Student: 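Provided herewith is a single structure, encoded as structure tokens, for subsequent inquiry.
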Amino acid sequence: MVAVIYGAVLRGRTVRATRALREVPRAARAVLRIDPAAVRRSSAAQRLLDASVGREQLSEIEAECGLDPLADLSEAILWVRGSEQQPLQSFGLMLTGSRVDANDLAECHARLVAARGGAVVRLEAPTGPVLSSPDGGSAIAILNGRTIVTGSAPTVAEAVAVHRDLLPSLGERARVAAMWPALSRGAAVAGVIEPPDHWKAGLERVSSFGAGNGALEGIEAIGLVVHPDERPETELYLDVATPEQARRSAALVRSWAASPPDSVEPPWDALLRSARVRVEGSRVRIGMDLATLSTPP
């Protein structure tokens, strides 16, 4: 019975962990899932969000809508979609309320648009009505009683079609689907990027820092996870083509940790110095101490 209960709990966590991929279009190149309740329990997640997002964006939502994103939302999913040639074509954001419903979130979106001098009109898309700015640059649709999706009008229409199983989801991309469950199960913050081919060559060049060829060679996907506890730690996953390339990439990261390149500015240089690297087959796992970043107020 214990085994059955454990299996049911584990399966439930796996289903919740993979749900995000089923809601995001297959054309997405990157996806980031935030669990606000877990973020509130995670000093590491709060440090990371403060360093990368900042308080001013959250303060705007609080001021215009009277909403506290970390208290009033149960989930936020951000993705970047595009073609091989234009991987950053558009951004999408899906929000699910905990103490607010979809109508509250839709009203908040309208207020934010108005605060920037815009307006919201009703547009008819093939998948149903969409509330959008007249130019289609900022739109929103209600998926269910608790969930909305926002982005450009085409991005929103595409997400609605994925939600209705009319278009393929990101769960059909094998590399992302293989990495995602290990990252997102129970995580406060989890993300994956599967770079297009021409980005991979660029990553190798940029990451060399003058060290020559072979920097992050053969990279296929990059993952991020922040755990929902008091450990001030984040982990990066680097999936590369072969175990030999993984060993070379790990050695390179260790050399950066010992002596961060001059181009890595504070506080990220201190974060890099904290890196602990291990290799698991063709995957490199890098643990870093987010306590090296400034402590949130």
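This one's a predicted model, so the numbers in the text were calculated from it and none came from an experiment.
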Student: With the 4.5 Å side-chain cut-off for hydrophobic clustering, are I193 and I34 part of the same group?
Tutor: yes
Student: Can you tell if the side chain of L290 reaches within under 4.5 Å of the side chain of L271, non-hydrogen atoms only?
Tutor: yes
Student: Would you call R175 and E194 a salt bridge, taking side-chain N to carboxylate O under 4.0 Å as the test?
Tutor: no
Student: Got a donor-acceptor contact below 3.5 angstrom from the S169 side chain to the V24 backbone?
Tutor: no
Student: Is there side-chain contact between L112 and C65, with at least one heavy-atom pair below 4.5 Å?
Tutor: yes
Student: To the closest 0.5 Å, what do you measure between CD1 (I77) and CG (D35)?
Tutor: 10.5 Å
Student: Kindly indicate whether the side chain of L167, heavy atoms from C-beta on, has any atom under 4.5 Å from the side chain of R26.
Tutor: no
Student: Is it the case that the side chain of R285 and the backbone of E235 share a donor-acceptor pair, with hydrogens and angles ignored and the cut-off at 3.5 Å?
Tutor: no
Student: Tell me whether the count of non-hydrogen atoms from other residues, nucleotides or ligands lying under 6.0 Å of CG in N144 goes above 12.
Tutor: yes
Student: Please report the C-alpha distance between W180 and V31 in whole Å, then the side-chain angles of each, then the deciding distance to 0.1 Å, and finally whether the side chain to side chain contact (heavy atoms under 4.5 Å, CB included) criterion is met.
Tutor: CA-CA 10 Å; W180 184 254; V31 60; 3.8 Å; yes
Student: Is there a side-chain contact between L224 and L183, using heavy atoms and a 4.5 Å cut-off?
Tutor: no
Student: Could you report the tightest heavy-atom contact between A20 and R33, atom names first, then the distance?
Tutor: CB-CD, 4.2 Å
Student: Decide whether W268 and L272 are clustered together by the hydrophobic rule: side chain heavy atoms of Ile, Leu, Val, Met, Phe, Trp, Tyr closer than 4.5 Å, transitively.
Tutor: yes
Student: If I take atom OG1 from residue T96 and atom CD from residue E23, how far apart are they, to the nearest 0.5 angstrom?
Tutor: 8.0 Å
Student: How about E265: does its CD atom have over 12 heavy atoms from other parts shown lying under 6.0 Å from it?
Tutor: no
Student: Which atom names give the shortest non-hydrogen contact between A102 and I148, and what distance separates them?
Tutor: O-CG2, 3.6 Å
Student: Show your reasoning for whether side chain to side chain contact (heavy atoms under 4.5 Å, CB included) applies to R273 and T292.
Tutor: CA-CA 9 Å; R273 288 190 186 94; T292 57; over 6 Å; no
Student: M288 and V226: same hydrophobic cluster, using ILVMFWY side-chain contacts below 4.5 Å?
Tutor: yes
Student: Hey, quick one: are V130 and V160 part of the same hydrophobic cluster, counting side-chain heavy atoms closer than 4.5 Å, chains of contacts allowed?
Tutor: yes
Student: With a 4.5 Å heavy-atom cut-off, do I219 and S249 have their side chains touching?
Tutor: no
Student: Can D101 and D104 be said to form a side chain to side chain contact (heavy atoms under 4.5 Å, CB included), step by step?
Tutor: CA-CA 5 Å; D101 60 23; D104 294 325; 3.1 Å; yes
Student: Below 4.5 Å, heavy atoms only, C-beta onward: do L95 and P69 meet side chain to side chain?
Tutor: no
Student: I need the minimum non-hydrogen distance between A139 and T150, along with the two atoms involved.
Tutor: O-OG1, 2.8 Å
Student: If you look at every heavy atom in A45 and A188, which pair is closest and at what distance?
Tutor: CB-CB, 4.1 Å
Student: Which heavy atom of P181 sits nearest to which heavy atom of A178, and what is that distance?
Tutor: CD-O, 3.9 Å
Student: Are side-chain heavy atoms of L105 and L73 found at a separation under 4.5 Å?
Tutor: yes
Student: Has S255 got a side-chain atom pairing as donor or acceptor with L252's backbone, closer than 3.5 angstrom?
Tutor: yes
Student: Give me the atom names and distance for the closest heavy-atom approach of P260 to D269.
Tutor: CG-O, 3.8 Å
Student: When you look at R81 and E158, which way does the side chain to side chain contact (heavy atoms under 4.5 Å, CB included) test go after all the steps?
Tutor: CA-CA 10 Å; R81 52 95 59 216; E158 181 183 47; 2.9 Å; yes
Student: Side-chain heavy atoms under 4.5 angstrom apart, residues restricted to Ile, Leu, Val, Met, Phe, Trp, Tyr: same cluster for L238 and L32?
Tutor: yes
Student: Going by heavy atoms in the side chains, are V240 and R248 under 4.5 Å from each other?
Tutor: no
Student: What distance do R173 atom CZ and M179 atom CE have between them, rounded to the nearest 0.5 Å?
Tutor: 13.5 Å
Student: If we ignore angles and hydrogens, is there a donor and acceptor under 3.5 Å between the side chains of S90 and S152?
Tutor: no
Student: When rounded to the nearest 0.5 angstrom, what distance separates CG in L93 from CH2 in W79?
Tutor: 7.0 Å
Student: Atom CZ of R41 and atom CG of L70: how far apart are they, to the nearest 0.5 Å?
Tutor: 12.0 Å
Student: Out of curiosity, L170 CG to R22 CZ, how far, rounded to the nearest 0.5 Å?
Tutor: 12.0 Å
